[in-house]
Asker: 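Below is the structure I would like to discuss, written out as structure tokens.
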Amino acid sequence: MTVPPTPTGATSMRTHLCGALRAADIGSTVTVCGWVAKRREHGEHLAFIDLRDHTGIVQCVIPGTVDVRSEYVISVQGAVRARPEGTLNPDLPTGEVEIGDCIVTILNSAEPPPFAIDDRVEVDEGIRLKHRFVDLRRPRMQANLRIRAMVNHALRSAMDRQGFVEVETPLLWAPTPEGAREFAVPSRLHPGSCYVLPQSPQLAKQLLMVAGVDRYYQIARCLRDEDLRADRQFEFSQLDVEASFVTQEDILGFVSEAVLDAAEAVTDERPEPVPRMTWAEAIDRYGTDKPDTRFGMELIDLSAVFDGTEVKAFGAPCVKAIVLEGGGTLTRSKLDGLTDRAKGLGAKGLAWFRVAAAEGADRAEGVGSDWPSLVLDSPLDRFLSDGERVGLLSATGAGAGDLILVVADEYRTACTVLGHLRLEVGGRPVSEGPYRFLWVVDFPMFDGVDEAGHPIAAHHPFTMPHPDDLGRLESDPASVRSQAYDLVLNGWELGSGSVRIHRADIQSRVFAVLGIDEDEAMSRFGFLLGAFRFGAPPHAGFAVGIDRLVAIFAGEDSIREVIAFPKTQSGSDPMTGAPKALAPGLLGELGLQVIPPRD
RNA sequence: GGACCUGUGGUGCAGUUUGGAGUGCACGCCGGCCUGUCAAGCCGGAGGUCGCGGGUUCAAAUCCCGUCAGGUCCGCCA
């Protein structure tokens with residue numbers, strides 16, 4: 001992936017950019033500015049400086065000595081010339097040329113950097129973050145920042161083109177005790193009271209629909225005080241979208257257009273239209289609501305094979321399996337590790353079967369389910385009937401050298417545990433191509449129940465139930481689908497959205513099922529429900545996680561690599577030292593007092 | 001809240017299993033040499049509380065306990 005340099009880059013101090021010089025520039029007298037990437041001295045008559053700016057490196061030839069060190073900031077004036085025969089450097093985009101007879105002006109000296117500014121060395125992330133301004137000087141990080149800017153630009157263009165209007169919403173909002181933990185901001189003018197930073201502009205954008213904006217978007221910063229991961233930071237950016245007088249179909253179209261534009265902007269290639277899958281199918285085939293469809297290893301249902309089995313371990317409502325091709329070589333300790341992992345994920349256990357060719361059997365081809373040319377190697381094998389062995393092999397299609405992993409449990413547990421194991425043994429880094437977008441639709445309206453026995457909203461309480469299921473809202477809520485949908489890319493959830501409830505009668509029914517009475521609803525969401533009485537149009541929306549989208553396009557497995565100044569996993573910033581204790585005076589002004597932690 | 005991995009000159013590592021002198025490698029840094037190098041080359045040099053604290057031991061980078069930091073994951077993320 002190539003990031004195009006700034007058009008000319010010319011300023012009062014320079015005429016050209018380092019990485020942009022080519023054979024066509026031969027003969028030009030140029031002035032370039034940048035950092036000394038490398039200095040090579042050859043005695044008193046010749047020295048080379050590799051000068052680096054954000055576009056790349058160019059070789060400067062000094063007819064003498066020069067007193068510069070790594071990372072000195074200099075400007076160089078000289079004439080672009082062809083390199084002498086035999087000294088071209090094919091590894092450098094500027095490798096056909098050099099700047100000759102250079103006059104060097106030192107703009108600033110520099111201490112040696114704490115680590116090499118070089119993509120080839122892996123440096124401890126804590127050290128990188130402490131000196132992030134140095135880390136960002138590395139070409140890879142420069143490229144990541146620019147890819148992010150390209151993605152933002154492409155997303156904005158796509159939304160503008162589709163008639164959306166960019167509206168900014170407040171960062172200081174009111175607490176909405178639902179969903180993610182919120183960051184609180186104490187109020188000076190109202191001591192003891194707090195604003196919260198929005199976990200998303202969800203309610204604000206719905207109010208904009210009531211306001212008649214019709215089509216809203218924003219590249220919005222969202223803040224959630226939840227534990228961090230490779231794909232999660234406290235603060236992250238979303239392409240936030242909401243539109244009126246639309247159905248789910250319209251939203252999928254708008255958002256597809258934007259993300260495919262972004263993909264095309266970065267890769268010069270437009271992916272295929274985004275395929276769709278229902279939530280139920282995703283769980284059944286991949287054991288997750290965010291399937292990585294770059295590879296197979298789909299879940300195989302063995303419930304029929306082990307119906308009425310004598311094997312105690314398989315006496316469960318659901319028996320499912322995955323097959324790892326060539327996995328027969330996995331060591332016993334690795335398999336024990338997988339078993340621990342399965343238990344950690346909530347399964348009662350994990351059964352494994354190594355498949356091998358039977359003694360004297362023809363191994364040439366087509367062993368497949370061709371029992372009895374195959375034998376099973378497993379602690380459980382001696383408990384299986386012949387019929388179960390045949391059924392296991394034919395249902396899975398496993399061949400010699402393969403490994404079958406089986407989980408028997410409740411349906412959802414069996415699916416999700418195998419979904420995790422599938423990624424564990426067969427998964428690839430998210431950053432590896434190709435790009436496999438996927439819409440997951442028809443999410444359930446509710447997922448699980450709370451302590452009081454009320455269903456828990458799977459998305460949020462303003463999500464419109466699927467029209468076909470509305471009649472079962474009270475009688476069988478667990479079976480009700482919602483008009484909620486997720487966008488998935490290479491196994492990462494890129495974003496989610498829904499059609500919202502705009503009618504008070506349906507909203508009341510949903511609140512009732514959730515166990516939220518009218519008083520509670522008014523105290524929590526009163527301003528939204530109140531606004532809805534003044535003419536709320538049918539509306540729906542979506543939000544795309546930009547950090548994740550950019551990370552995948554940039555070939556990175558962590559969103560920290562595409563964020564200029566991210567936090568560590570423990571939520572601190574080694575560069576600024578944040579978070580820090582507040583000075584007592586400021587605490588007092590905010591009406592706050594620190595309670596020492598108890599041990 | 002929990003599990004696991006990592007922590008050794010500025011950087012990246014080896015050494016830890018099996019305790020025996022801070023022993024080694026690469027890069028960087030400092031000085032010298034070098035007129036076509038490009039991760040330059042050659043010669044010399046400096047640079048270490050082995051994350052921190054405690055314990056075991058005649059003796060700890062190494063074994064044990066605790067703790068801190070970075071990372072991966074579970075919980076959490078409507």
Side-chain angles (χ1 to χ4, degrees), chain A residues 37-51 57-65 69-71 83-92 94-95 98 100 111-131 134-135 176-182 199-200 202-203 222-234 236 337 340-346 416-417 420 423-424 429 443 445-448 450 455-463 482 484 493 496 498 510 514 516 524-525 543 545 557-558 560 567-572 574:
Chain A
K38 205 78 201 178
R39 176 191 50 144
R40 293 180 292 279
E41 287 188 304
H42 291 254
E44 56 182 319
H45 300 293
L46 178 67
F48 299 97
I49 292 174
D50 286 345
L51 191 66
I57 281 174
V58 67
Q59 173 167 281
C60 307
V61 186
I62 285 86
T65 59
R69 304 281 160 159
S70 288
E71 301 309 314
R83 291 192 180 201
E85 197 157 340
T87 67
L88 276 62
N89 185 348
D91 297 331
L92 230 48
T94 61
E98 62 189 14
E111 291 178 22
F115 49 87
I117 298 170
D118 188 326
D119 288 343
R120 287 169 294 210
V121 293
E122 292 249 337
V123 182
D124 177 79
E125 200 162 335
I127 294 167
R128 289 176 59 199
L129 291 182
K130 180 166 185 181
H131 306 277
V134 170
D135 189 38
T176 50
E178 178 90 22
R181 192 178 294 114
E182 294 163 321
Q199 47 180 297
S200 83
Q202 179 63 39
L203 301 179
C222 307
L223 300 109
R224 296 180 187 174
D225 188 5
E226 298 289 353
D227 287 3
L228 283 54
R229 292 278 196 282
D231 61 347
R232 278 160 38 186
Q233 283 272 303
F234 284 151
F236 57 98
D340 290 344
R341 171 86 169 145
K343 287 177 178 168
L345 290 164
T416 54
V417 168
H420 275 102
L423 294 175
E424 191 112 337
F443 270 65
M445 186 77 186
F446 308 102
D447 192 16
D450 63 18
I456 299 168
H459 189 58
H460 60 60
F462 317 112
T463 303
S482 67
E493 181 191 322
S496 59
S498 64
V510 170
L514 291 170
I516 302 173
R524 280 163 63 172
F525 316 111
D557 295 319
S558 164
R560 292 188 301 274
K567 304 286 185 289
T568 67
Q569 190 161 40
S570 62
S572 61

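Throughout, protein chains are lettered first and strands after them, A, B, ... in sequence-line order, and every chain is numbered starting at 1.
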Asker: Nearest nucleotide by nearest heavy atom, which residue falls closer to the 5' end of RNA chain B, A:Lys567 or A:Leu92?
Answerer: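 Per heavy-atom nearest nucleotide, the more 5' residue is A:Leu92.
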Asker: Kindly say if A:Ser572 contacts the phosphate of B:A69, meaning a side-chain N or O under 4.0 Å from OP1 or OP2.
Answerer: no
Asker: In chain order, what residues pass the side chain to side chain contact (heavy atoms under 4.5 Å, CB included) check against A:Leu129, with sequence neighbours excluded?
Answerer: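 For A:Leu129, the residues satisfying side chain to side chain contact (heavy atoms under 4.5 Å, CB included) (neighbours in sequence not counted) are A:Glu125, A:Arg132, A:Pro566, A:Thr568, A:Pro574.
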Asker: With sequence neighbours excluded, tell me which residues meet side chain to side chain contact (heavy atoms under 4.5 Å, CB included) with A:Pro112.
Answerer: none
Asker: Ignoring hydrogens and angles, answer whether the base of B:U37 and the side-chain atoms of A:Gln59 contain a donor-acceptor pair closer than 3.5 Å.
Answerer: yes
Asker: Determine whether the aromatic ring of A:Phe115 stacks with the base of B:U11, defined as ring centroids separated by less than 5.5 Å and ring planes inclined by less than 30°.
Answerer: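 No, aromatic ring not over the base.
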Asker: Assess whether one donor atom and one acceptor atom, taken from the side chain of A:Arg224 and the base of B:C77, lie less than 3.5 Å apart.
Answerer: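 No.
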Asker: Could you give the distance separating B:U17 and B:U11 at their P atoms, to the nearest angstrom?
Answerer: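 To the nearest whole Å, 25 Å.
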Asker: Taking pairing as Watson-Crick or G-U wobble with both contacts under 3.5 Å, can you name the mate of B:G7, or confirm there isn't one?
Answerer: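 Looking at the geometry, B:G7 pairs with B:C68.
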Asker: If you take all heavy atoms of A:Thr65 and A:Gly43, which pair is closest and at what distance?
Answerer: CG2-O, 3.8 Å
Asker: Just compare B:C76, B:U72, B:U11 and give me whichever is closest to any side-chain atom of A:Gln569.
Answerer: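 That would be B:U72.
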Asker: Considering only atom C1', compute the distance from B:G24 to B:A61 and round it to an integer number of Å.
Answerer: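 Nearest-Å result for B:G24 against B:A61 at atom C1': 14 Å.
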Asker: Using a cut-off of 4.0 Å on non-hydrogen atoms, how would the nucleic acid contact of A:His420 be classed: base, sugar-phosphate, or nothing?
Answerer: sugar-phosphate
Asker: Please tell me which of the listed nucleotides, B:G31, B:C77, B:U11, lies nearest to the side chain of A:Ala180?
Answerer: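 Nearest to the side chain of A:Ala180 among the choices is B:C77.
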Asker: Do any N or O atoms of the protein come closer than 3.5 Å to N or O atoms of nucleotides 5-7 of chain B, and which pairs are they?
Answerer:
none

Asker: Between A:Asp135 and A:Arg128 (salt bridge meaning N to carboxylate O under 4.0 Å), is one present in this structure?
Answerer: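 Judged by the 4.0 Å cut-off on N to carboxylate O distance, A:Asp135 and A:Arg128 do form a salt bridge.
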Asker: Closest-nucleotide mapping onto RNA chain B: is A:Thr568 or A:His460 further toward the 5' terminus? I mean the 5' end.
Answerer: A:Thr568
Asker: Ignoring hydrogens and angles, are the base of B:G36 and the side chain of A:Glu98 linked by a donor-acceptor pair under 3.5 Å?
Answerer: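 Yes, a donor-acceptor pair under 3.5 Å.
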Asker: Check A:Arg224 with A:Glu182, please: is the shortest side-chain N to carboxylate O separation under 4.0 Å?
Answerer: no
Asker: Which base sits across from B:G28 as a Watson-Crick or G-U pair, both distances under 3.5 Å?
Answerer: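 Base-paired to nothing in any strand shown.
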Asker: What nucleic acid atoms does A:Pro84 come within less than 4.0 Å of, heavy atoms only: base, sugar-phosphate, or nothing?
Answerer: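 Base contact.
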Asker: For A:Ser70, answer base if it contacts any base atom (sugar-phosphate contacts may also be present), sugar-phosphate if it contacts only those atoms, and nothing otherwise; contact means non-hydrogen atoms under 4.0 Å.
Answerer: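 A:Ser70: backbone/sugar contact only, no base atoms under 4.0 Å.
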Asker: In whole angstrom, give the distance that lies between atom CD of A:Gln233 and atom C1' of B:G71.
Answerer: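 Nearest whole value for this atom pair: 13 Å.
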Asker: Looking at A:Arg560, does any N or O in its side chain come under 4.0 Å of the phosphate oxygens OP1/OP2 on B:U72?
Answerer: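 Checking A:Arg560 against B:U72: at least one side-chain N or O falls below 4.0 Å of OP1 or OP2.
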Asker: Between B:G28 and B:A40, how many Å separate the two C1' atoms, rounded to a whole number?
Answerer: 15 Å
Asker: Tell me whether the OP1 or OP2 atom of B:G28 has a side-chain N or O from A:Arg69 closer than 4.0 Å.
Answerer: no
Asker: Could you state the CD1-P distance from A:Ile62 to B:U37, rounded to the nearest angstrom?
Answerer: 16 Å
Asker: If only atom types and distance count, is the side chain of A:His420 paired as donor or acceptor with the main-chain N or O of A:Thr416 below 3.5 Å?
Answerer: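 Judged by distance alone, yes, a pair lies under 3.5 Å.
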Asker: With rounding to the closest Å, how many angstrom separate the C1' atoms on B:C27 and B:A46?
Answerer: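 Between the two C1' atoms, the distance is 16 Å.
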Asker: Can you give one letter per nucleotide of nucleotides 39-44 of chain B, going 5' to 3': B for a protein heavy atom under 4.0 Å from the base, S for sugar-phosphate only, - for none?
Answerer: SB----
Asker: Taking only residues two or more places apart in sequence, or in another chain, which ones meet A:Asp118 in a salt bridge (Lys or Arg N to Asp or Glu O under 4.0 Å)?
Answerer: A:Arg120
Asker: Mind checking who B:U23 pairs with, Watson-Crick or G-U wobble, both distances under 3.5 Å?
Answerer: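 Pair assignment: B:U23 / B:A14.
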Asker: Should A:Asp50 and A:Val58 be marked as a side chain to side chain contact (heavy atoms under 4.5 Å, CB included) after you check the CA-CA gap, both sets of side-chain angles, and the distance that decides it?
Answerer: CA-CA 6 Å; A:Asp50 286 345; A:Val58 67; over 6 Å; no
Asker: Reckon A:Leu88 touches a base, only the sugar-phosphate, or nothing at all at heavy-atom distances under 4.0 Å?
Answerer: base
Asker: Counting only side-chain heavy atoms from C-beta out, which of B:C38, B:G12, B:G71 sits nearest to A:Arg83?
Answerer: B:C38
Asker: Choose from B:C76, B:G31, B:U72 the nucleotide whose nearest atom is closest to any side-chain atom of A:Asp227.
Answerer: B:C76
Asker: In whole angstrom, what separates A:Lys130's NZ from B:G70's P?
Answerer: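 About 12 Å, once rounded to whole Å.
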Asker: Between the base of B:G75 and the side chain of A:Arg229, is there any donor-acceptor pair under 3.5 Å?
Answerer: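 Side chain to base: pair present.
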Asker: Quote, to the nearest angstrom, the C1' distance that separates B:U23 from B:G15.
Answerer: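 My reading of the C1' atoms in B:U23 and B:G15 gives 8 Å.
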Asker: Just how far, in rounded Å, is P of B:C38 from CG of A:Leu46?
Answerer: 12 Å
Asker: Base, sugar-phosphate or nothing for A:Ala47? Non-hydrogen atoms, less than 4.0 Å.
Answerer: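 Nothing, no nucleic acid heavy atom in range.
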Asker: Rounded to whole angstrom units, what separation is found between the CD atom of A:Glu71 and the C1' atom of B:G10?
Answerer: 14 Å
Asker: Of all residues at least two apart in sequence or in a different chain, which pass the ring pair (Phe, Tyr, Trp, His ring centres under 6.0 Å) check with A:His42?
Answerer: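 For A:His42 the ring pair (Phe, Tyr, Trp, His ring centres under 6.0 Å) partners, ignoring immediate neighbours, are A:Phe48.
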Asker: Say we look at B:A26 and B:C63: how far apart would their C1' atoms be, to the nearest angstrom?
Answerer: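 Each nucleotide's C1' atom is 31 Å from the other's.
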Asker: Distance between the P atoms of B:C68 and B:A14, in whole angstroms?
Answerer: 26 Å
Asker: Please name all residues satisfying side chain to side chain contact (heavy atoms under 4.5 Å, CB included) with A:Pro90, sequence neighbours left out, ordered by chain then number.
Answerer: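 With neighbours one apart ignored, the set is empty.
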Asker: Return the value, rounded to whole Å, for the distance between atom CG of A:Asp124 and atom P of B:U72.
Answerer: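 Interatomic distance, CG of A:Asp124 to P of B:U72: 12 Å.
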Asker: What residues, two or more places apart in sequence or in another chain, satisfy salt bridge (Lys or Arg N to Asp or Glu O under 4.0 Å) together with A:Arg39?
Answerer: A:Glu41
Asker: With sequence neighbours excluded, what pairs up with A:Lys567 under the salt bridge (Lys or Arg N to Asp or Glu O under 4.0 Å) test?
Answerer: A:Glu235
Asker: Rounding to a whole Å, what distance do you find between A:Asp340:CG and B:A3:P?
Answerer: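 Rounded to whole Å, this separation is 14 Å.
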Asker: Considering every strand shown, what is the Watson-Crick or G-U wobble mate of B:G36 when both distances are under 3.5 Å?
Answerer: none
Asker: Go through the steps to decide whether A:Arg40 and A:Gln59 satisfy the test side-chain hydrogen bond (donor to acceptor under 3.5 Å, both in side chains), and finish with yes or no.
Answerer: CA-CA 10 Å; A:Arg40 293 180 292 279; A:Gln59 173 167 281; 3.0 Å; yes
Asker: Starting the side chain at C-beta, find the nucleotide from B:G71, B:C76, B:G12 nearest to A:Arg232.
Answerer: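 In terms of side-chain proximity for A:Arg232, the closest of B:G71, B:C76, B:G12 is B:C76.
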Asker: Find the distance A:Gln199:CD to B:C77:P and express it as a whole number of Å.
Answerer: 10 Å
Asker: Work out how far the C1' atom of B:G9 is from that of B:C65, and round it to whole angstrom.
Answerer: 29 Å
